[in-house]
Amino acid sequence: MAERYEPSLFESKWQARWKESDLFVTQVDPARPKFYGLDFFPYPSGAGLSVGHCRNYVPTDVLCRMKVMQGYSVLHPMGFDAFGLPAENEAIKRKTHPGPMIDQYAANYRRQMDLVGISYDWSRSFKSSDPDYYKWTQWIFEILYRRGLAYRKDAVVNWDPVDKTVLADEEVIAGRAERSGALVEKKNIPQWFFKITAYAQRLIDDLDTVDWPEGIKAMQRNWIGRSEGVQFSMKIDFSGGAPAGPDETGFEVVRKEREAYFEVFTTRIDTIFGMTFCVLAPEHPMVDLISSQVAPEHVAAIKAYQEEASRLSDTDRTATNREKTGVFTGAYAINPANGKRVPIWLADYVLATYGTGAIMAVPGHDQRDFDFATKFGLDVIAVIEPDDAYLQKHFPGLGRPEALGEYAKSIKSCSTVFEAKDGVLMQSGEYTGKSVADAQLELGQWIEALGIGERKIQYKLRDWLISRQRYWGCPIPVIHSADGEEQLVTEDCLPVLLPEVDNYEPSGDGSSPLSLIDDFVNVTDRDGRLGKRETDTMGGFACSSWYFLRFCDPHNPDQAWNPSFANYWMPVDCYVGGAEHAVMHLLYARFWTKVLFDEGLIDSPEPFKRLENQGQVLALTPYRLPREGETLATGEEGILVSFEEAKSLPEDQLIWRWARMSKSKGNVVTPDEAKELYGADALRVYLLFVAPFNADVQWSNEGMQGAVRFLHRVFKFVNDVLPVYQSDWANQPMPEGDEASAIRRATHRTIEKVTQDIDRFSFNTAISTLMIFLNDVAPLASDEAKRGALALPLSEAAETLVRLLSPIAPHSADELWEALGKEGFLYRADVWPTANPDLMIENTITMAIQVNGKLRGTIEVPREAIREEVEAMARDNERVKVWIESQTVRKVIVVPGKLVNFVVG
RNA sequence: GCCGGGGUGGCGGAAUGGUAGACGCGGCGGUCUCAAAAACCGCUGGGUGAAAGCUCGUGCGGGUUCGAGUCCCGCCCCCGGCACCA
């Protein structure tokens with residue numbers, strides 16, 4: 001046996017043996033508890049894996065391997081998210097077909113995953129572009145359709161001019177396409193949607209039932225954006241020619257042609273007495289009617305403003321720092337609370353797509369309304385009493401009553417508004433003096449009693465846009481018959497196969513390349529009528545919304561899955577991947593799972609019980625300062641240069657930064673390279689040890705060396721024990737003595753801690769525990785004079801170390817296991833050791849002694865010593881005596897097994 | 001602005017309210033060697049001291065407690081997300 005960790009001697013050997021014996025094929029034993037460990041469905045990029053990807057796959061692998069050894073039935077599959085834009089764009093660039101290309105890339109991914117020893121059950125693998133798989137994606141689409149959750153409508157949608165397709169809201173970040181980076185445009189074309197909004201509340205509620213990072217849950221709640229308020233109708237008053245204002249008197253010219261109303265939504269019904277105007281979004285449908293009723297100069301202004309607004313991009317329009325714009329319509333609305341007439345304005349700070357596209361404006365208590373009112377000279381009325389801090393800031397030196405009086409009079413002079421929800425109403429008729437909470441309740445009830453509105457819950461979430469005008473995706477199984485009827489393709493005709501084509505580039509005119517393929521488009525429907533196939537394909541996120549179910553029964557030709565298998569494995573016990581999917585994949589997959597739950601196809605309403613997000617691997621990357629004429633984009637801190645170029649640049653022009661590994665930055669370290677240089681197990685140990693699982697790590701060769709050194713020491717230790725090793729140590733009487741029991745105590749404490757740490761994804765402390773253990777026992781094993789007498793506890797220690805190391809460094813562990821004369825592999829049920837609590841107990845405990853909370857010494861006490869004895873021993877301690885003599889001991893705190901604290905003074 | 005996560009040695013990071021800095025990297029000193037590398041042993045938060053020790057110390061300011069990195073209040077800074085959502 002090698003005395004050192006020599007990966008080139010055995011890592012490939014063990015990988016071959018594992019493969020030969022189909023070691024990682026899922027063993028289903030209904031008598032055992034199950035464990036489903038899953039990594040996010042990866043798109044297999046042509047660049048292959050970097051060590052950054054391994055930071056996702058290795059930890060999941062460690063947990064799954066431990067679960068197998070603990071006796072669980074474990075499902076640990078891997079497949080590929082092959083459909084979608086990344087694959088298609090890459091294929092276009094390479095002038096090849098995405099199908100064979102993706103096969104090649106996926107094979108390379110698999111090769112690299114095997115290279116670092118990940119225990120995937122490849123017999124269950126599939127790609128989302130396999131017809132055997134996407135047949136069932138289409139089948140689930142049909143379930144959604146039948147349940148009224150898939151529909152087609154004309155809509156203004158996000159158009160990506162680079163990728164030439166529409167995108168879901170979730171794929172647009174700050175007005176740019178997440179993938180291509182292009183500024184999205186608005187385009188009005190018929191599109192397929194999934195009605196995820198119908199599940200908004202359940203998607204919020206069930207977050208409480210899953211064990212996910214708080215941040216991800218918060219992001220989902222925030223994205224769904226629930227808010228409670230009141231929606232009510234405002235009556236329009238067209239007597240526009242008369243002067244506006246509360247003190248208007250005299251005759252009004254009534255030109256009321258017909259009664260008209262518009263709805264507003266507010267979360268602050270308590271501020272209704274502070275409404276001084278209303279705002280409609282420029283696209284609001286009521287604007288046409290208003291235009292037809294008001295004076296010509298208003299009509300012209302309205303038209304001009306609408307045109308101006310339509311020209312602006314969404315990003316420009318919603319920039320928060322932009323000055324408010326708007327135009328008066330000439331019409332008025334009646335505030336139902338006090339009957340006052342308020343002007344109706346058009347302004348683009350009100351979004352047509354949220355709520356009712358119209359608001360009651362309360363400039364006294366909403367900063368946006370306030371900014372608008374001050375710009376256009378509209379009234380501002382204070383209706384909530386601010387707190388003292390606010391009053392002091394704006395009216396320094398005044399007492400509260402005076403400040404309040406001043407506030408009511410000159411609210412317009414304040415720089416910010418009081419928006420807080422704790423306060424008492426003022427200038428609000430009969431509601432004056434009530435708390436905000438009470439007023440919200442009572443005014444809500446009053447509106448309902450009046451019959452003009454109701455309390456309502458509003459969500460920001462919008463329906464999920466699923467159509468893509470692209471070739472490489474799952475075809476939507478719908479036929480449009482000649483008379484315009486939509487029909488689902490019958491189940492026996494599924495899958496609708498993606499046709500083989502030579503040219504699949506997107507046309508850019510808003511239609512899919514599939515629409516050019518006559519054989520595909522022209523069909524006969526089930527009644528023999530002529531029809532045209534839907535030519536949009538589904539976005540990639542549809543395909544990845546149910547793959548975790550298919551893994552339960554991956555090759556079933558007759559069903560998407562056999563419910564008994566899915567119910568055995570689901571939900572996924574531990575789901576591991578990057579935080580960047582917080583509100584896309586994870587929200588969509590939860591939605592589909594709930595629909596399938598409602599359909600009775602699975603028992604679990606949530607797909608992923610526990611979620612963990614790994615940190616990224618960063619590499620030191622060279623940038624240089626910008627030269628004359630060069631400017632940096634916002635957020636950019638230098639201009640990326642190649643490593644070659646960096647060598648030739650003067651040091652004062654270079655900036656080295658930690659940046660995420662990516663092909664474009666040229667800073668990638670591949671697992672192939674890492675394995676070649678240091679070994680697969682060293683790579684695994686390094687990635688696990690270098691930082692907490694969810695923290696970013698800074699790649700370093702020195703760190704890799706540390707991992708190698710640790711493995712060297714493990715080999716040396718086992719090698720030292722080998723001459724005295726007794727494989728039946730468990731059946732022999734253990735020697736008495738301090739060193740023997742210290743070894744056993746360390747062994748069993750290590751078992752306990754490592755098991756716990758792996759379970760809670762604290763791999764760095766698990767490895768640290770193994771290092772401490774090794775540091776403790778290694779000197780005893782290398783001491784030839786001692787090791788004979790300690791043969792039995794050292795045998796136990798060495799064997800335990802190998803077992804505990806096995807999920808982390810599986811090649812080394814199997815190699816050492818074999819060296820110990822064991823048969824087979826460590827990857828099998830019931831080889832994980834169990835800690836014996838009796839052996840973990842120490843007879844002598846070190847206790848800290850404090851005086852007034854400051855450490856003044858330590859004492860060794862017998863474990864069974866009682867309080868009085870401990871205190872006496874502490875008082876007797878020489879160092880402690882100095883601090884407590886000539887002082888009055890007022891109190892003595894004894895924490896058993898921990899410390900004694902004398903309070904003196 | 002709002003939501004979430006953080007701020008601990010030269011660096012990565014440990015610490016159920018109970019001996020802060022485990023473990024590792026780096027550094028320093030030593031053993032081995034003709035020498036170097038590797039390996040092994042020792043030291044390694046600041047100040048002070050010959051040493052024992054004392055003292056300061058977990059972003060800043062308060063508080064609770066016998067005792068606070070940990071709990072509470074008020075700030076500052078960094079990272080991630082959302083952002084004119086009424």
Side-chain angles (χ1 to χ4, degrees), chain A residues 3-4 173-174 213-223 225-227 229 231 264-268 271 278-279 281 317-322 324 347-351 353-362 366-369 371-372 416 419 458-462 579-580 582-583 613 685-686 689-692 694-698 700-707 709-710 712-713 716 762 764-775 778-779 782 846-858 879 882 890-905:
Chain A
E3 287 182 36
R4 288 159 56 93
I173 311 290
E214 246 350 279
I216 301 286
K217 290 199 206 182
M219 279 158 72
Q220 292 217 347
R221 286 193 195 99
N222 186 30
W223 185 261
R226 178 194 155 105
S227 50
Q231 184 172 319
V264 295
F265 174 75
T266 179
T267 56
R268 294 302 301 272
T271 63
C278 281
V279 183
R317 224 179 116 162
T318 55
T320 42
N321 51 2
R322 182 172 152 248
K324 298 275 180 290
D348 63 9
Y349 80 92
V350 171
L351 307 177
T353 45
Y354 180 76
T356 61
I359 59 157
M360 66 171 211
V362 183
D366 182 288
Q367 191 64 44
R368 298 156 299 183
D369 296 344
D371 295 344
F372 192 82
T416 55
E419 283 184 312
Q458 208 39 264
Y459 301 92
K460 282 198 281 192
L461 183 70
R462 302 194 203 149
E580 66 274 11
V583 286
N613 300 124
V685 166
Y686 170 74
F689 179 68
V690 68
N694 55 12
D696 287 352
V697 315
Q698 300 171 346
S700 91
N701 294 330
E702 290 74 30
M704 284 295 303
Q705 277 303 340
R709 272 201 285 271
F710 166 63
H712 279 331
R713 297 209 312 275
K716 171 151 194 315
S762 184
N764 56 333
T765 55
I767 291 175
S768 145
T769 303
L770 291 174
M771 288 173 170
I772 294 166
F773 179 51
L774 189 61
N775 291 346
S782 60
T846 307
M847 287 181 73
I849 309 168
Q850 299 181 337
V851 177
N852 285 346
K854 281 194 207 285
L855 183 73
R856 295 303 177 193
T858 56
R879 284 189 50 207
V882 181
R890 302 188 187 280
K891 201 171 171 184
V892 183
I893 286 130
V894 180
V895 182
K898 291 283 183 188
L899 58 71
V900 182
N901 187 12
F902 293 100
V903 185
V904 302

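Looking only at side-chain heavy atoms (C-beta outward), A/N694 and A/P213 stay at 4.5 Å or farther from each other. The shortest distance between side-chain heavy atoms of A/R268 and A/D366 does not fall below 4.5 Å. Looking at heavy atoms from C-beta onward, A/M360 lies out of side-chain contact with A/D369 at the 4.5 angstrom threshold.
Following rounding to the nearest Å, A/N764 (CG) and B/G24 (P) show an atom-to-atom distance of 13 Å. Regarding A/D371, its CG atom lies at a distance of 14 Å from the P atom of B/C84, rounded to whole Å. Remark: P of B/G18 and CD1 of A/I893 are 14 Å apart, rounded to the nearest angstrom. Protein atom CG of A/N222 is 9 Å distant from nucleotide atom P of B/C82, rounded to whole Å. Atom C1' of nucleotide B/G80 and atom CZ of A/R221 are separated by 17 Å, given to the nearest angstrom. Spacing between atom OH of A/Y354 and atom P of B/C82 amounts to 18 Å, rounded to whole angstrom units. Rounded to a whole Å, the CZ atom of A/R322 is 21 Å from the P atom of B/G1. A/I173 places its CD1 atom 8 Å from the P atom of B/A83, with the value rounded to the nearest Å.
Rounded to whole Å, the C1' atom of B/G10 lies 13 Å from the corresponding atom of B/C28. Separation of the P atoms belonging to B/C23 and B/A35 is 32 Å when rounded to the nearest angstrom.
Relative ring orientation between A/Y349 and A/F372 is described as tilted, the plane-to-plane angle lying within the 30° to 60° band.
Nucleic acid contact class of A/V350 (heavy atoms, under 4.0 Å, all strands): base. At the heavy-atom level, A/P213 lies nowhere under 4.0 Å from the strands shown. Heavy atoms of A/G703 sit nowhere under 4.0 angstrom from any nucleic acid atom. At the heavy-atom level, A/K716 lies nowhere under 4.0 Å from the strands shown. As judged by a 4.0 angstrom heavy-atom cut-off over every strand, A/R890 is placed among residues making no nucleic acid contact. Residue A/V895 is in base contact, counting any heavy-atom pair closer than 4.0 Å across all strands shown. A/D366 comes within 4.0 angstrom of no nucleic acid atom, judged by non-hydrogen atoms across all strands. At a threshold of 4.0 angstrom between heavy atoms, the contacts of A/R226 with the nucleic acid are absent.
For A/T267, the side-chain atoms get nearest to B/A86 when compared with the rest of B/U19, B/A86, B/U16. Distance from the side chain of A/I772 is smallest for B/A22 among the nucleotides B/G13, B/G26, B/A22. In this structure, of B/C25, B/U19, B/G13, it is B/G13 that holds the atom nearest to the side chain of A/A691. Each of B/C66, B/A15, B/G81 was ranked by its minimum atom distance to the side chain of A/M219; first place goes to B/G81. Looking at the side chain of A/T765, the nearest of the listed nucleotides B/G18, B/U19, B/A15 is B/A15. Taking every side-chain heavy atom of A/Q850 into account, B/U19 is the closest of B/C25, B/U19, B/C84. Of all nucleotides listed (B/C3, B/G53, B/A86), B/A86 comes nearest to the side chain of A/I359. Of the candidates B/C23, B/G12, B/U19, the closest approach to any side-chain atom of A/M771 belongs to B/C23. Side-chain atoms of A/T858 lie closest to B/U19 of the nucleotides B/G81, B/U19, B/A14. Which of B/G12, B/A86, B/C23 sits closest to the side chain of A/S768 comes down to B/C23.
The nearest heavy atom of RNA chain B to A/A695 and to A/K898 marks one nucleotide each, and the one closer to the 5' end goes with A/A695. Comparing A/P692 and A/G706, the nucleotide of RNA chain B nearest to each residue sits closer to the 5' end for A/P692.
A sub-4.0 Å separation between OP1 or OP2 of B/C23 and a side-chain N or O of A/R709 is absent. Within the 4.0 Å cut-off from OP1 or OP2 of B/A86, at least one side-chain nitrogen or oxygen of A/S227 is found. The side chain of A/N775 contributes an N or O atom lying less than 4.0 Å from OP1 or OP2 of B/G24. A/R879 has a side-chain polar atom (N or O) that falls below the 4.0 Å cut-off from OP1 or OP2 of B/C54. Residue A/R4 has no polar side-chain atom (N or O) positioned under 4.0 Å from OP1 or OP2 of B/A38.
Summarising the base pairing, B/G69 is matched to no nucleotide, lacking a Watson-Crick or G-U wobble pair whose two defining distances lie under 3.5 Å. Base pairing of B/U58: no nucleotide in any strand meets the Watson-Crick or G-U wobble criterion (both distances under 3.5 Å).
A salt bridge links A/R322 with A/D348: the closest approach of a Lys/Arg side-chain nitrogen to an acidic carboxylate oxygen falls below 4.0 angstrom.
Heavy atoms of other residues, nucleotides or ligands lying less than 6.0 angstrom from CD of A/E3 number 12 at most.
Applying the side chain to side chain contact (heavy atoms under 4.5 Å, CB included) test between A/M771 and each of A/T769, A/I767, A/L774 identifies A/I767 as the sole match.
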Footprint string (nucleotides 41-47 of chain B, 5' to 3'): B base within contact, S backbone only, - free, heavy atoms under 4.0 Å: -------

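With hydrogens and angles ignored, the 3.5 Å screen pairs a side-chain donor or acceptor of A/R879 with a backbone N or O of A/R856.
For the residue pair A/Q705 and A/N701, no side-chain donor N or O sits within less than 3.5 Å of a side-chain acceptor on the partner.
Glycosidic torsion of B/G49 falls outside 90° of 0, placing the base in anti.
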